[in-house]
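Counting begins at 1 with the first residue of the sequence. Values below: every heavy atom of this structure, side chains too, minus hydrogens, waters and symmetry copies.
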Amino acid sequence: MPGVVIVGAQWGDEGKGKVVDLLAERAAAIVRFQGGNNAGHTIVRDGEEFKFHLIPSGILYPDKLCMIGNGVVLDPSILLGEIDGLKRRGVDVGNLRISANAHLIMPYHVLLDTAGEVKLGKLSIGTTRRGIGPCYADKALRLGIRVQDLLDEKILRKKIMAALEPKQQALRELSVQRRKLRKEAGEGAREGADRSLAEAPDPRLDLHAMTEEFAGYGHQLEPHIADTARLCWEALDSDRTVIFEGAQATLLDLDHGTYPFVTSSNPIAGAACVGAGVGPTDISEVWGVAKAYATRVGAGPFPTELDDAVGRHMLKRGREYGTTTGRERRCGWMDLVALRYAVRLNRMSALTITKLDVLSGIDPLRVAVRYRSREGAIFDSFPYHQSILHSAEPSYEDLPGFEDDLTECRSEADLPPQARAYLDFIADFAGVPIRLVGVGPGREEVVWIGGEPGVL
């Protein structure tokens with residue numbers, strides 16, 4: 001029963017979509033198991049760029065079943081926009097299935113997410129303000145609206161009413177915050193005239209309008225709604241490969257990442273079982289994806305961050321801009337302490353290293369092999385205490401760089417010796433073999449280490 005989990009090994013944006021797209025060719029089904037439209041996977045196919053936020057990266061294969069699992073939180077308007085965009089480009093989405101148990105991002109989730117970040121000010125986490133956290137919070141509070149609720153308007157209305165009631169105070173605070181922001185923006189003279197408007201309920205939160213809007217989404221999505229867990233079981237029990245696609249990455253995990261600067265779900269391999277509805281023994285392989293350097297979006301510790309010409313080189317050449325937000329990504333050297341932590345936490349069986357071509361022209365190439373605390377203590381493993389990590393200084397090992405253009409490399413022998421030595425150092429330190437190397441944005445711009453696999 002070959003279940004393969006694809007997870008990010010850093011802070012996200014490692015190129016998981018491309019890896020899933022490549023492996024999907026050898027699979028029967030692909031299932032996204034957590035996160036929401038705060039994530040983005042980019043695939044370049046025949047020179048054409050596709051950006052996915054909710055739809056699994058295997059959707060470009062019409063004969064593969066693509067599923068959004070129960071662990072995902074989805075904004076139906078965003079999903080329908082993605083579906084329509086793919087249809088306009090001639091992509092068949094008849095193979096898309098959505099778990100009836102997945103939770104819905106509602107308008108009040110987006111408003112509360114934004115208000116929470118504004119209220120934190122300089123202490124903000126740097127969320128995408130897409131409502132992901134508040135939606136997961138409602139799920140834990142048992143106030144969530146699920147995809148299946150879209151198919152029964154009476155239940156939908158009752159659940160929205162129940163979810164709205166405890167939020168009234170928070171929404172009133174949001175109104176006050178909106179007034180404050182308008183005043184700070186120089187609109188104080190209009191405050192008196194506009195106060196009644198600012199205090200009025202947001203039109204997006206009208207119970208009747210919201211119920212009608214989301215019932216309409218239900219009619220459009222109904223052909224795709226299914227028992228996705230059972231579909232996974234059927235494929236696995238027939239010895240067909242299922243790929244479990246994660247969003248975000250290990251160091252953004254709610255429990256094991258750099259809390260509180262993390263996402264609102266668990267992007268690690270163990271969460272694939274919960275988010276897709278399968279058992280641990282259904283998973284046979286875990287592939288981790290890491291860039292040849294490191295990036296991070298939003299706030300939070302980043303020991304190897306570079307604020308110099310090398311960091312700007314990585315930013316520009318790697319086109320390090322968020323798929324979802326367009327924000328510039330923070331760039332830095334490969335952090336092997338953090339990578340080894342991710343390898344063990346996920347029990348990875350293989351690594352994929354992407355964007356090796358971006359490092360061309362940089363010499364030396366530096367990799368962090370340990371941390372030093374403010375007090376001078378040495379840490380060979382990822383520190384559990386946030387205060388240590390926030391002030392940690394990396395100790396580097398310098399490796400020779402290379403000048404070669406790697407985009408035409410298609411075999412391990414094509415890579416320059418310095419690039420191969422760099423990969424070997426990473427694999428030895430992390431304790432897991434590298435199976436795939438990305439040398440350009442296109443799906444064909446890869447090098448399989450040890451040969452290209454057949455059916456997984």
Quiz prompt | salt bridge (charged side-chain N to carboxylate O under 4.0 Å, His left out) between Glu285 and Arg347, worked out | solution = CA-CA 9 Å; Glu285 292 196 35; Arg347 216 25 154 175; over 6 Å; no
Exercise. May I have the step-by-step check of salt bridge (charged side-chain N to carboxylate O under 4.0 Å, His left out) for Arg443 and Glu445, ending in yes or no?
Key: CA-CA 6 Å; Arg443 76 183 305 271; Glu445 293 176 319; over 6 Å; no
Quiz item: How far apart are the C-alpha atoms of Tyr293 and Glu320, what are their side-chain angles, what is the distance that settles it, and do they pass the side chain to side chain donor-acceptor pair (under 3.5 Å) test?
Solution: CA-CA 11 Å; Tyr293 48 103; Glu320 297 296 351; 2.4 Å; yes
Quiz prompt | From CA spacing to verdict: salt bridge (charged side-chain N to carboxylate O under 4.0 Å, His left out), Arg32, Glu245 | solution = CA-CA 5 Å; Arg32 165 85 177 271; Glu245 177 184 29; 5.8 Å; no
Quiz item: Can you list the steps and then say if Arg130 with Asp75 is a salt bridge (charged side-chain N to carboxylate O under 4.0 Å, His left out)?
Solution: CA-CA 9 Å; Arg130 300 297 200 271; Asp75 185 325; over 6 Å; no
Exercise. Report the C-alpha distance between Asn346 and Tyr341 in whole Å, list the side-chain angles of each, state the deciding distance to 0.1 Å, and finish with yes or no for side chain to side chain donor-acceptor pair (under 3.5 Å).
Key: CA-CA 9 Å; Asn346 290 283; Tyr341 170 73; over 6 Å; no
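Judged by the 6.0 Å and 45° rule, Arg89 forms a cation-pi pair with Phe50.
In this structure, CG in Leu252 is found 11.5 Å from CG in Asn266, a value given to the nearest 0.5 Å.
A ring-centre distance under 6.0 Å is found for Tyr217 and Phe214.
Annotation: side chain of Asp363 is not in contact with side chain of Phe402 (no heavy-atom distance under 4.5 Å). Proximity of Leu104 to Leu74: side-chain heavy atoms (C-beta onward) are separated by under 4.5 Å at one or more points. With a 4.5 Å cut-off on side-chain heavy atoms, Ile68 and Thr228 do not count as touching. Residues Phe244 and Gln34 have side chains not in contact (no heavy-atom distance under 4.5 Å, counting atoms from C-beta outward).
Listed by chain and number, the residues in a side-chain contact (heavy atoms from CB on, under 4.5 Å) with Val437 are Leu356, Leu423, Ile434, Val439, Val447, Ile449 (sequence neighbours excluded).
In Asp380, the CG atom is crowded: over 12 heavy atoms of neighbouring residues, nucleotides or ligands sit closer than 6.0 Å. Under a cut-off of 6.0 angstrom, the local environment of CZ in Arg410 is crowded, with over 12 non-hydrogen atoms contributed by other residues, nucleotides or ligands.
Considering Ile30, Ile43, Val44 as possible partners of Asp21, the one that fulfils the side chain to side chain contact (heavy atoms under 4.5 Å, CB included) test is Ile43.
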